[in-house]
There are 2 protein chains.
Amino acid sequence: MSATNSLNAEDLGSAAQRDRRKRILDATIDLASKGGFDAVQMRAVADQADVALGTLYRYFPSKIHLLVSALGREFERTEAARRDVEIPGDTASERVINVLKGTTRGLQSSPHLTEALTRAFMFADASVQAEIHQVGMLLSTMLTRAMHPGQSEPTDDDVAITRIIGDVWLAALVGWVTGRMTAAETGAQIERAVHLILRD
Amino acid sequence: MSATNSLNAEDLGSAAQRDRRKRILDATIDLASKGGFDAVQMRAVADQADVALGTLYRYFPSKIHLLVSALGREFERTEAARRDVEIPGDTASERVINVLKGTTRGLQSSPHLTEALTRAFMFADASVQAEIHQVGMLLSTMLTRAMHPGQSEPTDDDVAITRIIGDVWLAALVGWVTGRMTAAETGAQIERAVHLILRD
DNA sequence: TCCATGATAGGAACACGTTCCAGTTCGTCC
DNA sequence: GGACGAACTGGAACGTGTTCCTATCATGGA
């Protein structure tokens, strides 16, 4: 469906179309960075991206799709930046914590953006499955690499553990975004969970 | 603020006011059960509760507050129903799984209602803190009781474990509500996590 | 009993996500 | 170059959450 309803990065499209898509995502990130979820208004995005409202909806069928796609792009960027640097830490849990804290710190440095993206993620329904799955895979990849640097096949337990940690991380993020936890508390909560699960 | 801006259950209010509040929550649950989040339209709730729109907003300052309050009431009901029955299972993890599966089954038997309430929970911001905290406490109580039936003081680890399990449960629920996981998958995921964390 | 005051009814008005449409532009095939 | 269809523009229109205003109603004090 994404192939017919929206223009994603891989779909060829003309150069002009790829450029429009980029402008739209740039505008989304910019507005989200400044004012969060509420500031990402479809008319404002369209204006700033220099695109008609109808065109915006042709590229992204809803505000949620738009934000989740933007999240995917940002996440991919930061993952790519870390991909080739070795993760510090002597034990698996140290490395996992380092990865999560690094990512979390990145998110917390632009609270509005994080709020917008987390909200979108949480509000998404089945029609955003594809975009969300992509983000989930990126996170698994990062965590798996932290648990077994330079290794190939994670065990079933590894996969399950990765998933649990991802869940805790998401819950902590939601807690932070919705003002129920401070940044410090989210960090402590994640660290605690990783130690309990990886036991060391 | 909840004491000044909205009329919660403890705030006395006249009998007529308590009755209005009840009618509003009843209407909310009814509409949510039938059509989920989108079906809980403020005008429809007001109509069905036989209350003016402005009055509805006087009792609940937003749709999110309304739904989270409704969630709280329902959760409290089911918790109260279980409070005095012994939890089956020989080990802590068996009992925890039983509790979670029972609760999850209850939720999955009214998917629309669960969708509405989970959405609201995920979308809530800091102004709904009080209502959400109440729900969180109820869940902790249930899980703690499952881990240590008839006992008093949970250890720090117990509290942390409870929290992790709650996080996983929430994430699974979100996955289910948003159509990314089937009911069976959520059950398996939770079971897996509990075994890994309580290790047995 | 009558009045003052706050709560409620009823409904208009506004904001923003979403849809839709008429006209224009762009890309492609002859 | 011309014709055709797809994509884009600009903007109107609609639905629903939220706000606001006025008239009516209920209640407690004089």
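Quick note on labels: first sequence line is chain A, next is B, and so on, each numbered from 1.
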Exercise. For DNA chain D, whose closest nucleotide is more 5', that of B:Gly54 or that of B:Gln41?
Worked result: B:Gln41
For this session: Take the protein atom CG of B:Asp47 and the nucleotide atom P of D:dG17, then report the distance between them rounded to whole Å.
Result: 12 Å
Exercise. When you check the phosphate oxygens OP1 and OP2 of D:dA6, does a side-chain N or O of A:Gln17 lie under 4.0 Å from one of them?
Worked result: no
Exercise. C:dT18 P sits how many Å from A:Phe60 CZ, rounded?
Worked result: 13 Å
For this session: Among D:dT18, C:dA9, C:dT19, find the nucleotide with the atom closest to the side chain of A:Tyr57.
Result: C:dT19
Problem set entry | Whole angstrom value for the distance that separates P of C:dA15 from CE of B:Met42 | 19 Å
Exercise. Aromatic rings B:Phe123 and A:Phe123: how do their planes relate, parallel, tilted or perpendicular, breaks at 30° and 60°?
Worked result: tilted
Exercise. Among side-chain atoms of A:Asp157 and A:Thr155, is any donor-acceptor pair under 3.5 angstrom?
Worked result: no
Under 3.5 Å donor-acceptor pairs involving side-chain atoms of residues 161-169 of chain A, not counting sequence neighbours:
residue: A:Thr162; atom: OG1; partner: A:Asp158; partner atom: O; Å: 2.8
residue: A:Asp167; atom: OD2; partner: B:Gln189; partner atom: NE2; Å: 3.2
residue: A:Trp169; atom: NE1; partner: A:Thr104; partner atom: OG1; Å: 2.9

Seminar exercise, completed: Testing D:dT9, D:dG11, C:dT8 for proximity to the side chain of A:Leu53, the answer is D:dG11
Seminar exercise, completed: Per atom distances to the B:Arg58 side chain, the nearest of C:dA7, C:dT18, D:dT9 is C:dA7
Exercise. Between the side chains of A:Thr186 and A:Gln108, is a donor N or O closer than 3.5 angstrom to an acceptor N or O?
Worked result: yes
Problem set entry | Interatomic distance, B:Arg20 CZ vs D:dA26 P [rounded to whole Å] | 10 Å
For this session: With the side chain of A:Arg43 defined as its heavy atoms from C-beta on, choose the nearest nucleotide among C:dT18, D:dT18, D:dC8.
Result: C:dT18
Problem set entry | d(CG, B:Asp125; P, D:dT18) in whole Å | 11 Å
Problem set entry | Residue A:Tyr59, side-chain heavy atoms: nucleotide from C:dA9, D:dC8, C:dG17 that is nearest | D:dC8
For this session: Using a 4.0 Å heavy-atom cut-off across all strands, classify B:Val40 as base, sugar-phosphate, or nothing.
Result: sugar-phosphate
Exercise. Which part of the nucleic acid, if any, lies within contact of A:Asp50, taking any heavy atom under 4.0 Å across all strands shown: a base, the sugar-phosphate backbone alone, or nothing?
Worked result: sugar-phosphate
For this session: Nearest whole angstrom, please: distance from the C1' of C:dT18 to the CG of B:Asp38.
Result: 13 Å
Problem set entry | Distance, rounded to the nearest Å, where A:Phe123 contributes CZ and D:dG17 contributes P | 11 Å
Exercise. Over how many whole Å does the gap from B:Arg119 atom CZ to D:dG17 atom P extend?
Worked result: 14 Å
Exercise. If you measure from the Lys or Arg side-chain nitrogens to the Asp or Glu carboxylate oxygens, is any gap between B:Arg43 and B:Asp47 under 4.0 Å?
Worked result: no
